Participant: 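Quick one: the structure is below, and I'll ask about it shortly.
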Amino acid sequence: MRPGNPEALAVPYDPGRIEAARYLFWEQHGVFSPKATGPEKGTGSKAPFVIAIPPPNVTGSLTMGHVLGESVRDLIIRWARMEGRETLYIPGMDHAGIATQNMVEKKLRAEGRTRQDLGREAFLKEVWDWKEQYGGLIFKQERRLGTTPDWSRERFTLDEGYSHAVLHVFKKLFDEGLIYRGRYIVNWCPRCMTALSDEEVDHQESQGSLWYIRYPLKDSDKHIVVATTRPETMLGDTGVAVSPHDTRYAKLVGKFAVLPLVRREIPIVSDDMVDPKFGTGAVKITPAHDPNDFETGKRQNLPELIVMDEAGVMNDNAGDFRGLDRFEARKRIVAALQDAGYLEKVEPHTNSVGHCSRCDTIIEPYLSWQWFVRMAPLAAPAIEAARKGKVKFFPSRWKKVYLHWLENIRDWCISRQLWWGHRIPVWYRGDEMVVSLESPEGEGWRQDEDVLDTWFSSWLWPFATLGWPEATPDLARFYPNTLMVTGSDIIFFWVARMIMAGYHFTGESPFPHVYFTSIVRDAQGRKMSKSLGNSPDPLAMMEKYGADAVRFAMVQTPTGADLLFDEKRLEMGKFFANKMWNASKLVLMRLGDEDLTTVKESQLRLTLADRWILSRFANASKDVTRNLKTYRFAESAQALYSFAWNEYCDWYLEMAKPRWALADLGDAMTAEQRGDLRTARWVAWKVLDGILRLMHPFMPHVSEELWQAIPHDGDTLATAAWPKAKKSWLDVQSEREVEFLQSVVNAIRNLRVESKIAPGRAVPVVVRGTDAQLDLLERLRSQLQPLARIETLTLSRDGQRPPVAASAVVEGAEIFLPLDGLIDLDEERARLSREAEKLLNDLEGVKKKLRNQDFLGKAKPEVVEKEKARLSQLEETLEKLKRAQESLSVSRD
RNA sequence: GGGCGAUUAGCUCAGUUGGUAGAGCACUUGCUCGACAAGCAAGGGGUCACUGGUUCAAGUCCAGUAUCGCCCACCA
């Protein structure tokens with residue numbers, strides 16, 4: 001046992017002062033790395049507990065969103081550690097292909113250079129340098145939060161071993177026929193100049209136009225009118241389609257139209273893709289610039305004519321419009337059509353337009369050679385896993401979202417026209433193509449220029465971080481992980497794909513549970529974004545309130561909805577920490593120098609107050625733990641907070657003070673008094689110790705600091721045992737009795753204030769009640785008096801009611817403050833009337849219920865009993881209030 | 001066009017099996033009584049969005065409406 005250290009708490013609570021030092025302290029004690037304590041694998045309560053961080057972008061810096069996720073992950077990891085589990089929190093970063101490349105290119109641009117100037121190799125060196133210099137800033141910031149990842153196991157999606165896993169997976173899927181190369185329309189960002197997956201496109205509603213354009217018919221003075229939202233692509237039209245069921249156009253099928261402006265003849269075809277009710281029922285077909293048209297073109301054997309380059313600039317096929325940006329081209333083409341009389345009309349039209357999720361540029365459907373993963377076979381086991389509950393989501397409604405996506409999954413475009421990333425392990429020589437992790441033997445092989453989608457590496461995260469595909473000890477011990485905590489915004493990007501990869505490559509789900517955190521928004525409900533500047537700086541928040549306060553506030557988020565961040569929330573945690581700081585200081589001052597760890601419970605002289613707080617503590621620790629188990633963090637924190645503050649601090653510490661004061665007697669203490677003192681010390685210490693343990697996962701720094709200051713066993717609270725609710729401490733009787741005491745004290749306090757008695761003035765109190773009540777109050781006399789500032793407490797079974805007194809009724813017991821001359825009789829009468837009126841209201845409600853035969857017959861018996869008891873309680877109270885009123889009237893006369 | 005979520009005190013949010021509405025902040029009043037003014041004590045404040053249904057009983061279950069938000073969808 002280590003003695004307490006009162007000096008440590010002599011100064012006011014200052015989070016900034018203690019937090020940094022505590023982090024180093026934990027590192028010195030090696031609490032971050034897993035310690036083998038139980039079986040190697042399995043899901044038992046002693047199996048290793050493993051969480052992998054959702055790897056932040058190497059370019060990233062800490063946002064409130066990260067803070068939320070990290071607070072939750074570390075909360076659970078710390079709790080599991082205290083439960084005696086071997087814990088591993090795996091840190092790491094994502095190379096974040098597009099985001100990082102954009103950032104470095106931006107820096108180059110500022111220096112007047114481009115990546116093309118440098119060439120691939122030199123550019124990559126720039127990025128690596130940049131990564132060395134600025135990358136990982138987020139982890140420097142994160143340490144401030146006090147999280148406990150095992151830094152020695154930090155991984156990067158582009159490190160050597162991880163890269164090997166990625167390329168290995170590419171080859172394996174290729175060999176299995178699940179990866180293929182094809183020429184299709186993909187989502188293309190003309191600014192990033194790369195293909196994107198469907199998930200990397202954000203659709204936004206926008207107010208556009210629907211242009212109706214006349215296409216003259218060949219050898220005729222008639223025309224067919226097509227409607228389009230994208231007139232600039234008409235230069236690439238290679239057909240016009242109508243519905244086979246549309247009689248209006250039936251005789252035109254097989255004929256030709258002449259494309260305005262370029263005078264190219266294109267066939268009119270019939271195709272089921274056309275909805276006769278939309279627009280004019282005739283659709284221009286641009287196979288190279290629209291995914292629908294691409295399919296139609298294939299069916300109808302129409303040529304694919306590309307009129308735009310990869311930067312969204314019109315190319316040679318665009319004739320006079322060559323060299324124009326796509327939007328400028330749109331304006332010019334519309335104007336030209338209008339001038340030549342081809343434009344019939346323009347209607348306003350809202351449609352949703354795809355934007356690059358990285359740079360917000362409007363996506364261009366672009367025909368190109370790309371690599372794809374065939375997803376349906378991978379999705380099947382992931383679907384089954386969720387259906388059978390092998391993967392559970394919290395909140396559970398995400399299951400539906402997940403299943404809907406997987407059941408309608410489309411192939412995944414994984415090639416990116418970038419340099420920063422895993423280069424596709426495919427080699428070409430003439431018509432030959434080899435998929436290989438090594439450069440093939442012989443001359444003239446050229447490697448595919450593209451790299452893989454970043455998510456094609458992160459979907460392996462739960463096992464590739466542990467050394468897969470090698471059969472490493474870590475993999476054997478820590479896979480599958482125990483829990484995934486992440487934002488619901490990446491459920492498709494990442495979570496679903498990890499589960500698919502888990503099943504395909506390891507034969508099992510990478511984790512049994514997924515907990516989705518809220519999305520953090522600003523007070524007006526807007527998403528946090530750099531451009532809006534509405535994201536609070538987490539470091540500034542931690543500076544101002546302390547990391548503990550930030551953690552405490554962030555984990556108490558709604559689990560269903562988004563979190564509207566309000567800085568005010570942070571105060572609660574800071575105030576709570578401060579409260580516990582001062583409470584600990586008080587307890588520590590009164591503990592004396594006795595070694596409390598050797599005290600046996602059987603030697604104690606437990607009073608009612610002691611039994612009560614121990615019982616309440618047992619209940620509280622049960623609540624805190626149960627709510628952690630079900631990921632109800634707000635409830636868990638709340639249970640801790642209200643127990644510690646409203647029960648331990650507000651009541652127990654006050655009730656213990658009289659016994660602590662026995663210490664002043666010194667040698668004059670009797671043996672019994674000595675026992676009372678020791679008991680009051682032990683209980684206060686024991687419960688405080690328990691509170692600090694429960695507090696630790698939420699507020700690690702301050703709890704550790706306080707725990708170190710009070711007498712304790714062991715090196716660090718971080719590895720101290722989690723409190724178990726002791727059955728022997730549960731004591732319903734004591735809880736009921738103290739509740740009565742509290743009601744009496746509250747009633748007296750209320751009377752004091754209502755009667756405008758000076759706070760410092762002690763008052764006489766008379767209580768009339770049952771033997772049991774009076775007996776109880778007699779036992780609690782020494783605690784009751786200071787709590788309610790009582791001068792003399794008279795307990796009387798049949799005694800006279802004081803003639804002039806303020807009075808209240810608590811559970812049938814009458815409480816009087818006999819203050820002749822001090823209280824205003826009129827006020828007191830008015831107060832009693834108001835009180836009685838309230839009761840009468842309640843009484844009516846109860847009576848009505850009890851007159852209802854259906855209620856008496858159908859409600860559960862215990863509910864009926866409760867109502868009946870309440871009725872008599874109310875009647876009795878009312879009766880006594882009336883008597884009090886009467887006696888006041890009498891005394892006046 | 002589908003799906004999901006939200007709607008409870010002035011603000012941010014709890015409210016686990018249906019059974020007398022809660023917290024923090026804000027507000028009112030009073031407190032330098034040796035832990036704590038980042039505090040203590042006592043208070044005020046809610047027709048639980050609306051309508052209907054189930055039930056003895058609905059913030060809680062069901063249906064619909066409204067408003068806000070999110071996600072998905074090949075809406076020329």
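Since the model is a prediction, treat every value here as computed from it, not as a measurement. What you see below is based on every heavy atom in this structure, not just the backbone, and it leaves out hydrogens, waters and symmetry mates. Chain identifiers are assigned alphabetically (A, B, ...) following the order of the sequence lines, protein sequences preceding nucleic acid strands; residue numbering begins at 1 within each chain.
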Participant: Please list, in numerical order, the residues of residues 843-851 of chain A that have a heavy atom closer than 4.0 Å to any atom of RNA chain B.
Facilitator: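 Result for residues 843-851 of chain A: none.
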
Participant: To the nearest 0.5 Å, what is the distance between CD1 on A/Ile691 and CZ on A/Phe643?
Facilitator: 5.0 Å

Participant: Among A/Glu571, A/Glu567, A/Lys574, whose side chain to side chain donor-acceptor pair (under 3.5 Å) with A/Tyr545 holds?
Facilitator: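 Passing option: A/Glu567.
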
Participant: Side chain of A/Arg397: nearest nucleotide among B/C72, B/A76, B/G5?
Facilitator: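 Looking only at heavy atoms from C-beta outward on A/Arg397, the closest nucleotide is B/G5.
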
Participant: What does A/Lys860 touch in the nucleic acid at a heavy-atom separation under 4.0 angstrom: a base, only the sugar-phosphate, or nothing?
Facilitator: base

Participant: Determine, for A/Arg834 against A/Glu837, whether the closest basic-nitrogen to carboxylate-oxygen distance falls under 4.0 angstrom.
Facilitator: no

Participant: Under 4.0 angstrom, heavy atoms only, what part of the nucleic acid is A/Ala227 near: base, sugar-phosphate, or nothing?
Facilitator: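 The answer is base, as A/Ala227 lies within the cut-off (heavy atoms under 4.0 Å) of a base atom.
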
Participant: Rounding to a whole Å, what distance do you find between A/Ile519:CD1 and B/C68:P?
Facilitator: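 Going from CD1 in A/Ile519 over to P in B/C68 covers 21 Å.
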
Participant: Has the side chain of A/Asp854 got a donor or acceptor that lies under 3.5 Å from a partner of the other kind on the base of B/C56?
Facilitator: no

Participant: Going by purine N1 to pyrimidine N3 plus the second Watson-Crick contact, or the G-U wobble pair, all under 3.5 Å, which nucleotide sits opposite B/G39?
Facilitator: B/C31

Participant: What contact category does A/Ala282 fall into here, base, sugar-phosphate, or nothing, at under 4.0 angstrom with non-hydrogen atoms?
Facilitator: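 Touches a base.
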
Participant: Does A/Ser642 reach a base, just sugar-phosphate, or nothing at all? Heavy atoms under 4.0 Å.
Facilitator: nothing

Participant: Whole angstroms only, please: what is the CZ-P distance between A/Phe643 and B/G22?
Facilitator: 21 Å

Participant: Using a heavy-atom cut-off of 4.0 Å across all strands, would you classify A/Glu862 as base, sugar-phosphate, or nothing?
Facilitator: nothing

Participant: Find the distance between CG (A/Leu784) and CD1 (A/Ile748) and round it off to the nearest 0.5 Å.
Facilitator: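 With rounding to 0.5 Å, CG (A/Leu784) is 5.5 Å from CD1 (A/Ile748).
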
Participant: Along nucleotides 29-42 of chain B, 5' to 3', which nucleotides get a B, which get an S, and which get a -, given that the test is a protein heavy-atom distance under 4.0 Å?
Facilitator: -S--B-BB-BSSSS

